[in-house]
Peer 1: 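Encoded as structure tokens, here's the structure I'll be asking about.
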Amino acid sequence: MANVYEAMDVPQLDAAITELKEQAARYREAHLSLDMARGKPTHEQTELSRPMLDLLNSRTELSGDGWAADNYGCPVGLPQARRLAAEIIGVDPTNVIVCGSSSLHLMHDLVCHGFTCGVAGHEPWYKQGQVKWLCPSPGYDRHFRVTAHYGIKNIPIAMQSDGPDMDEVARLVETDPSVKGIWCVPKYANPSGITYSDDVVRRFASLRPAAPDFRIYWDNAYVVHDIYDEGDQLLEIFSAMREAGTDDLVYEFASTSKITFPGSGMSWVAGSPSDIAEARAAFGVEQVCPEKMTELAHVLFLKNLDGVRAHMKKHAAIVRPHFELVEKKLEEGLGGLGIAHWSHPHGGYFISFDGPAGSARRIVSLMAELGVKLTPAGATWPYGEDPHDTNIRIAPTYPTLEDLGKALDVFVVAVKLVAAMLARKTRS
Ligand SMILES: Cc1ncc(COP(=O)(O)O)c(C=O)c1O
């Protein structure tokens, strides 16, 4: 679709810019203070989990046959918490470690383990020279920060409508032994919201890495975060690996952060029996056992996958109107102009927006001037370097619907103004 501003003659373009600047000035004068940057639940969503707090009290059973929450023990988590965690992601509980509240922490610890001690008995990465990591982009900035922190070279991989560019992934993973990992958010990816197709999952499951210490970091953060009854279906990767005859290839992560209370829940990692034995030994150096009162509270509250799904439906009822408002405002304001496209996710926490080349930084800074905070442009790419400066992550859940609507009205004007000014630049 042709860019409307590029199709205008110079007088038309100048008139459009004048009008858009006037609209922007009106927003500036309104002294707005809005935030579309935070990918976190609203207060109303966290309130849904408040009843969990009543389930742990002085009368609660804190230990039983083979488990204790009130003492050391269960170094890989309470058995009932491991069963719940395993059921949520569809794997065998014996291959799951439940540990602490943050899955990002577990991802960090496993990268740190590879870097300092080595994976599966191989040399630590710090001794292997420059090691590399694949980063499907746009992606989650905190993933990229973990690997960058250890001096690992982050390599962007193009994201397509059904997942990362698997030809490129296979080419790099299967030929370059310095590639040690890849970050993946396979369902409702942060920020694109897409879910990997069965074909993409099968291709991941059948990778034959050049490096024996390569692992896929499968961050299934949004595994149960559907906003419609018919959610996206993600093929379960460990069963795909069994079909492909591969093993020791994937660490899968998830947490209850966006199910109950972010930062105060339970997180877990699943892997092959030998990877999990190794992780268990590594984590055993850090602590005697994980915090288990929170695990117990979650098991009592959520019970099983049906309980989780029922709870997530309540989240969906709150979140869905936010996503639908973004779609409506963007379609009404920018649809058909040929200057932008955006994702239409069925779940998760984000919408990925792309404007014209060279626009994202300008839009984000204009938005800040007009009183609306967005995720910094470039954040969704390794080292903050979006090669075409197009991508902006929209986080619609946290603001109230009223604030979100206002923020999107400003956004539409900012995108149009920046697009028109970019078109004008090519004429002068
Ligand atoms: C893809 C992804 N993984 C992990 C996290 C953080 O999870 P946790 O709170 O379990 O560390 C987030 C938070 O936004 C996320 O988007």
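All of these numbers come straight from a predicted model, not from anything done at the bench. Nothing fancy with the numbering, it's 1 onward along the sequence. Order of listing sets the numbers, starting from 1, for every ligand and every atom in it.
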Peer 1: Which ligand 1 atoms are under 4.0 Å away from a heavy-atom of Ser257?
Peer 2: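 So the atoms of ligand 1 that pass are 8 (P), 9 (O), 10 (O).
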
Peer 1: Show the atoms of ligand 1 that are less than 4.0 angstrom away from any heavy atom in Lys258.
Peer 2: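 Listed by number with element: 13 (C), 14 (O).
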
Peer 1: Arg320 side chain to Ile227 main-chain N or O, any donor-acceptor pair under 3.5 Å?
Peer 2: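 Confirmed, Arg320 side chain pairs with Ile227 backbone.
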
Peer 1: Is there at least one pair of N or O atoms, one from His105 and one from ligand 1, spaced under 3.5 Å apart?
Peer 2: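 No.
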
Peer 1: Provide the number and element of each atom of ligand 1 under 4.0 Å from a heavy atom of Leu104.
Peer 2: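 Those qualifying, in numeric order: 11 (O).
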
Peer 1: Start with the C-alpha gap between Gln128 and Asp213, add the side-chain angles, then the distance that decides, and say whether side-chain hydrogen bond (donor to acceptor under 3.5 Å, both in side chains) holds.
Peer 2: CA-CA 11 Å; Gln128 294 192 33; Asp213 48 356; 3.0 Å; yes

Peer 1: Any donor and acceptor pair, going by atom type alone, linking the side chain of Asn391 with main-chain N or O of Phe353 inside 3.5 Å?
Peer 2: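 Present.
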
Peer 1: For ligand 1, which atoms have a heavy atom of Ser255 less than 4.0 angstrom away?
Peer 2: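 Ligand 1 atoms under the 4.0 Å threshold to Ser255: 8 (P), 10 (O).
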
Peer 1: At the 4.0 Å heavy-atom cut-off, does Tyr222 count as touching ligand 1?
Peer 2: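 Yes, Tyr222 has heavy atoms under 4.0 Å from ligand 1.
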
Peer 1: Using a strict threshold of under 4.0 Å (side-chain N to carboxylate O), is an ion pair present between Arg171 and Glu168?
Peer 2: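 Yes, this pair counts.
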
Peer 1: For atom CD of Gln287, is the number of surrounding heavy atoms from other residues, nucleotides or ligands below 6.0 Å larger than 12?
Peer 2: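 Atom CD in Gln287 is crowded, with more than 12 foreign heavy atoms closer than 6.0 Å.
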
Peer 1: Which atoms of ligand 1 are found less than 4.0 Å from any heavy atom of Ala221?
Peer 2: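 Counting atoms of ligand 1 from 1, those under 4.0 Å from Ala221 are 1 (C), 2 (C), 3 (N).
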
Peer 1: Which of the atoms of ligand 1 are close to Ser102, meaning less than 4.0 Å from one of its heavy atoms?
Peer 2: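 Answer for ligand 1: 10 (O), 11 (O).
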
Peer 1: Near Asp219, which atoms of ligand 1 are under 4.0 Å from a heavy atom of that residue?
Peer 2: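 Matching atoms, with element in brackets: 1 (C), 2 (C), 3 (N), 4 (C).
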
Peer 1: Ignoring hydrogens and angles, tell me if any N or O in the side chain of Glu174 forms a donor-acceptor pair with the backbone of Ala210 under 3.5 Å.
Peer 2: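 Not confirmed, Glu174 side chain does not pair with Ala210 backbone.
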
Peer 1: Thinking salt bridges, do Lys313 and Asp229 make one under a 4.0 Å N-O criterion?
Peer 2: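 Yes, this pair counts.
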
Peer 1: Strictly by modelled atom types, are Tyr150 and His108 linked by a side-chain donor-acceptor pair under 3.5 Å?
Peer 2: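 On atom types as modelled, these side chains qualify, holding a pair under 3.5 Å.
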
Peer 1: Looking only at protein heavy atoms, which one is nearest to atom 7 (O) of ligand 1, and how far off is it?
Peer 2: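 Closest protein heavy atom to atom 7 (O) of ligand 1: Ser103 OG, 3.3 Å.
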
Peer 1: What residue and atom, counting heavy atoms only, is the protein's closest point to atom 5 (C) of ligand 1, and at what distance?
Peer 2: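 Going atom by atom, the protein heavy atom closest to atom 5 (C) of ligand 1 ends up being Tyr140 OH, 3.4 Å.
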
